[in-house]
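This report refers to the structure that appears directly beneath it.
The analysis underlying the following values was restricted to heavy atoms, covering all of them including side chains, and did not include hydrogens, waters or symmetry mates. Fair warning: this is a prediction, and the values are worked out from it, not measured in the lab.
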Amino acid sequence: MAYDALVLVSFGGPERPEDVLPFLQNVTRGRGVPPERLEEVVEHYLHFGGVSPINQQCRELLAAIRADFAANGVDLPVYWGNRNWDPMLADTVARMRDDGVTRALAFVTSAYGGYSSCRQYQEDIAAARAAVGADAPVIEKLRQFWDHPGFVEPHVDAVQAALAQLDPAKRDTTRVVFTAHSIPVSAAATAGPHGGRYTAQLAEVARLVHAAAAPDLPYDLVWQSRSGPPQVPWLEPDINDHLTALAESGVTSVVVSPIGFVSDHLEVVWDLDTEALETAKRLGLDFVRAGTPGTDPRFVAMVRELVAERTTPDGERLRRRLGELPMWDTCPTPCCVPAARRP
């Protein structure tokens with residue numbers, strides 16, 4: 001099938017202090033997040049001048065994708081739209097329509113299955129098209145890329161580089177800790193057509209990265225960045241609680257690898273580089289946080305390869321992946337829709 005554009009779809013973030021609270025209200029609308037929790041998160045952004053790193057990271061990824069497309073003969077314009085802040089996705093879709101785009105692919109900066117990490121992006125794309133009207137371009141989301149070598153291999157190298165910063169004499173008491181965004185337990189249970197897709201994919205990526213980067217070390221998958229009403233159960237353990245347990249068990253050194261993320265945005269630089277680092281210092285743990293793919297050339301090339309899967313006659317043969325869990329091009333209905341919202 002022919003496509004005439006690619007749109008990068010991301011979460012979005014504020015770029016000045018006065019935008020922080022309106023941005024967070026966009027993110028949490030209808031979720032019952034207590035006002036005091038919003039004020040707490042506002043302070044996280046203000047710690048960095050009210051600017052989220054994510055938009056600049058998207059600009060850098062956008063430039064890298066365009067350069068990679070040009071160098072490899074991919075003649076597709078690349079647009080960018082966000083879910084929660086400027087440039088808003090509906091505005092981008094309107095510009096695509098005005099530019100004559102009729103059918104586009106979407107690359108979403110989230111590797112995994114689940115409602116917030118996949119299905120909600122589908123809903124946002126549909127809402128943006130509805131806002132533009134009947135002449136909005138058709139937009140089809142590229143597949144989840146959690147097990148693509150272009151995503152996994154940069155995480156492998158990042159863990160190895162982080163381990164190289166630790167004292168080799170403490171290798172026997174060193175541990176690798178993989179992290180991802182926590183979600184409600186109920187959302188984890190309904191992720192994917194049979195449930196459990198988000199946690200299963202993350203567990204597989206943790207296994208793959210560990211096997212390639214540090215098979216001699218023990219590892220764990222834990223969670224971070226919890227939000228929402230306190231009475232709602234979320235995936236545990238939290239990274240800070242886990243660091244405490246590790247210190248009490250005799251661990252001296254940790255590498256924390258945020259495999260749930262594609263770039264070093266606020267939930268990495270605050271939740272890990274600030275809060276978790278402070279916890280580790282208090283506990284006397286040596287702590288190194290591994291990097292994320294960002295604009296690693298392999299990650300950028302992955303975007304082109306995902307496009308080729310959908311645009312070339314031998315796209316099926318071109319698929320590159322690791323691991324053993326099944327994948328699909330499009331999400332089956334009602335995949336990743338919370339049970340309370342299913343028809």
**Report entry** side chain to side chain contact (heavy atoms under 4.5 Å, CB included) between Gln224 and Phe261, worked out
**Finding:** CA-CA 11 Å; Gln224 62 171 90; Phe261 303 92; 3.6 Å; yes
Query raised in the report: Going through the checks in order, is the side chain to side chain contact (heavy atoms under 4.5 Å, CB included) test met by Thr179 and His242?
Result: CA-CA 11 Å; Thr179 71; His242 189 65; over 6 Å; no
Query raised in the report: Are Trp85 and Glu15 close enough, and set up right, to give a side chain to side chain contact (heavy atoms under 4.5 Å, CB included), and what steps lead you there?
Result: CA-CA 9 Å; Trp85 206 249; Glu15 296 191 274; 5.7 Å; no
Report task. Could you go through the side chain to side chain contact (heavy atoms under 4.5 Å, CB included) check for Ser10 and Ile54 one step at a time? Result -> CA-CA 9 Å; Ser10 194; Ile54 194 171; 3.8 Å; yes
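No side-chain donor-acceptor contact under 3.5 Å links Asn72 to the backbone of Val74. Side-chain atoms of Thr92 come within 3.5 Å of backbone N or O of Trp80 as a donor-acceptor pair.
Salt bridge absent: Asp238 and Arg226 never bring a charged side-chain N and a carboxylate O closer than 4.0 Å.
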Side-chain atoms of residues 275-284: list all donor-acceptor pairs with protein atoms under 3.5 Å, sequence neighbours left out, distances to 0.1 Å.
residue, atom, partner, partner atom, Å
Glu275, OE2, Trp270, NE1, 3.2
Thr279, OG1, Asn240, OD1, 2.7
Thr279, OG1, Glu275, O, 3.1

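Results of the side chain to side chain contact (heavy atoms under 4.5 Å, CB included) test with Tyr198 over Ser117, Cys118, Ser116 single out Ser117 as the only residue that passes.
Summarising the local packing, CG of Asp75 is surrounded by 12 or fewer heavy atoms from other residues, nucleotides or ligands at distances under 6.0 Å.
Of all non-hydrogen atoms in Gly291 and His155, the two that sit nearest each other are O-ND1, 3.9 Å.
Listed by chain and number, the residues in a salt bridge (charged side-chain N to carboxylate O under 4.0 Å, His left out) with Asp19 are Arg16 (sequence neighbours excluded).
The hydrophobic cluster analysis finds Val51 isolated: no Ile, Leu, Val, Met, Phe, Trp or Tyr side chain comes under 4.5 Å of it, directly or through other members.
In this structure the side chain of Gln144 never reaches within 4.5 angstrom of the side chain of Phe151, judged on heavy atoms.
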